[in-house]
Amino acid sequence: MDRTDTPFTCQDVSERLIDYHYDELPATERGRVARHLARCGDCARAYCALHADLTALGWSDDTARPGTDLHQRLRGAVERRFRRSLWQRLSLAVRRPIPVYQALAFAVLVLLALWFALPARPLSSTNAALQPSDRQVLIENYDAADLMALSPNTL
Amino acid sequence: MSDEDLVKRLREGDISAFDELYRRYHRRLFGYVARQVRDGAQAEDLFQEIFLTVLEDRSFDLSQGRFAAWLFTVARNRCLNALRSDQRQRRALARAADEERAATRSPDDLSQTLARGRTLQGAIERLSTAHQQVLLLKQVGELSYREIAEVQQVPEGTVKSRVHAAIAALRGALDEEEQWDG
Ligand SMILES: [Zn+2]
């Protein structure tokens with residue numbers, strides 16, 4: 001059985017050149033082939049020849065490329081088949097967690113906080129309209145049980 | 001992002017996912033198709049048809065991966081159908097014109113469209129269709145052995161030995177050609 005650190009022989013490499021060319025070797029074997037090619041001129045030449053022969057087939061050249069307008073034509077057909085309807089786009093936009101919605105939620109919270117804070121103002125202004133002596137009386141006589149006895153202005 | 005994720009996004013309406021799939025596959029797929037059918041316009045029609053068929057086919061389980069194998073399986077079938085119908089068309093034309101010579105000289109098989117030089121063509125002709133296909137899928141389609149095995153429905157080892165045999169045969173033919181030229 002092959003140990004992974006045993007160097008490959010020329011025969012080992014020759015059997016694996018095609019798979020090496022197509023990047024189909026396991027990583028350990030790939031490294032051993034590469035190391036062998038780096039120090040063996042015969043195998044390196046054999047590898048170059050294989051590469052040249054496959055290129056000579058002419059199958060990798062640029063002549064068989066689609067025309068530039070083919071992409072646009074195909075894209076048009078794809079758009080007609082796959083473009084979202086207005087309803088799909090809207091529902092997707094609502095579901096999407098984007099920062100603008102976070103900002104909106106924050107704004108709503110601020111408004112709610114203001115809403116609860118505002119009703120206290122008329123009450124405090126009423127208290128401010130009382131004379132200092134009256135306020136002193138109110139504080140001294142304050143008792144939750146006697147709330148009904150207080151002047152209606154303070155409530 | 002994987003090919004399968006791109007198909008999923010496209011099906012959700014994101015057209016930019018198609019652009020990425022096109023960028024990844026247009027050269028390989030068009031090369032594979034164009035080297036089998038003779039006519040450039042026919043190759044473009046087939047290319048479009050194959051791409052759309054694959055993108056629209058919801059029977060394929062995206063969670064299993066293997067978009068490339070799926071794409072080239074459809075491509076192989078469409079090309080073979082096109083070649084067969086082309087062959088039938090040519091035969092009918094030949095009969096109509098009573099051109100016996102043309103009829104006997106037009107094998108119209110894959111090999112004739114694949115080769116450049118006469119010797120190379122001879123070597124390719126001697127390969128079975130399965131060997132010719134495997135070489136095209138490897139060299140032009142740039143598929144892995146595993147993907148070709150899926151396309152051809154054979155074990156990976158069979159693909160590997162076919163690739164090796166096909167390349168050995170072609171290299172032998174090229175050496176022969178070189179000797180004649182020399
Ligand atoms: Zn060597």
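Throughout, a chain's letter reflects where its sequence line sits, starting with A, and its residues are numbered from 1. Being a predicted model, the structure only gives us computed values, none of them experimental. Hydrogens, waters and symmetry mates play no part in the numbers below; they use all other heavy atoms, side chains included.
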Enquirer: Shorter than 4.5 Å, heavy atoms on both sides: which option in B:R28, B:R146, B:E56 has the most such pairs with chain A?
Expert: B:E56

Enquirer: Excluding sequence neighbours, so at least two apart, what forms side-chain contact (heavy atoms from CB on, under 4.5 Å) with A:E15?
Expert: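 Partners of A:E15 by the side-chain contact (heavy atoms from CB on, under 4.5 Å) criterion, ordered by chain and then number, come out as A:Q11.
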
Enquirer: Between B:F47 and A:L74, is a side chain to side chain contact (heavy atoms under 4.5 Å, CB included) present by the stated rule, with each step listed?
Expert: CA-CA 9 Å; B:F47 175 85; A:L74 186 53; 3.9 Å; yes

Enquirer: Less than 4.5 Å apart, side chain to side chain, heavy atoms only: is that true for B:F18 and A:H71?
Expert: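 Touching, per the 4.5 Å side-chain cut-off.
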
Enquirer: Is the shortest distance from a Lys or Arg side-chain nitrogen in A:R73 or B:E44 to a carboxylate oxygen in the other one below 4.0 Å?
Expert: yes

Enquirer: Indicate if A:F116 and A:L111 have the same hydrophobic cluster label, given that clusters are the connected sets of ILVMFWY residues with side-chain heavy-atom separations under 4.5 angstrom.
Expert: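 No, separate clusters.
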
Enquirer: With a 4.5 Å cut-off on side-chain heavy-atom distances among I, L, V, M, F, W and Y, is there a chain of contacts connecting A:V108 to A:W115?
Expert: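 No.
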
Enquirer: Tabulate, in ascending numerical order, the residues of residues 39-51 of chain A having at least one heavy atom closer than 4.5 Å to a heavy atom of chain B, or enter 'none'.
Expert: A:A46, A:A49, A:L50

Enquirer: Which distance, rounded to the nearest 0.5 Å, do you find between the OG1 of A:T55 and the CD of B:Q139?
Expert: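 A:T55 atom OG1 to B:Q139 atom CD measures 7.0 Å (nearest 0.5 Å).
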
Enquirer: Name the option with the most non-hydrogen atom pairs under 4.5 Å to chain A; the candidates are B:V163, B:D19, B:L55, B:D14.
Expert: B:D19

Enquirer: Indicate if A:L114 and A:L109 have the same hydrophobic cluster label, given that clusters are the connected sets of ILVMFWY residues with side-chain heavy-atom separations under 4.5 angstrom.
Expert: no

Enquirer: Give the minimum heavy-atom separation between A:E24 and B:L143, together with the two atoms involved.
Expert: OE2-O, 4.3 Å

Enquirer: Given side chains that start at C-beta, do those of B:I167 and A:L54 come closer than 4.5 Å, heavy atoms only?
Expert: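 Side chain of B:I167 against side chain of A:L54, heavy atoms only: contact under 4.5 Å found.
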
Enquirer: Would you say that A:I18 contacts B:K160 through its side chain, given a criterion of any heavy-atom pair below 4.5 Å between the two side chains?
Expert: no

Enquirer: Verify whether one side chain among B:E142 and A:Y22 offers a donor that lies under 3.5 Å from an acceptor in the other.
Expert: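 Note: B:E142 and A:Y22 side chains miss the donor-acceptor criterion.
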
Enquirer: In Å, rounded to the nearest 0.5 Å, how long is the span from CZ of A:R81 to CZ of B:R11?
Expert: 13.0 Å

Enquirer: With a 4.5 angstrom heavy-atom cut-off, could you sort out which part of A:D23 is near chain B: side chain, backbone, both or neither?
Expert: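 Interface part for A:D23: neither.
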
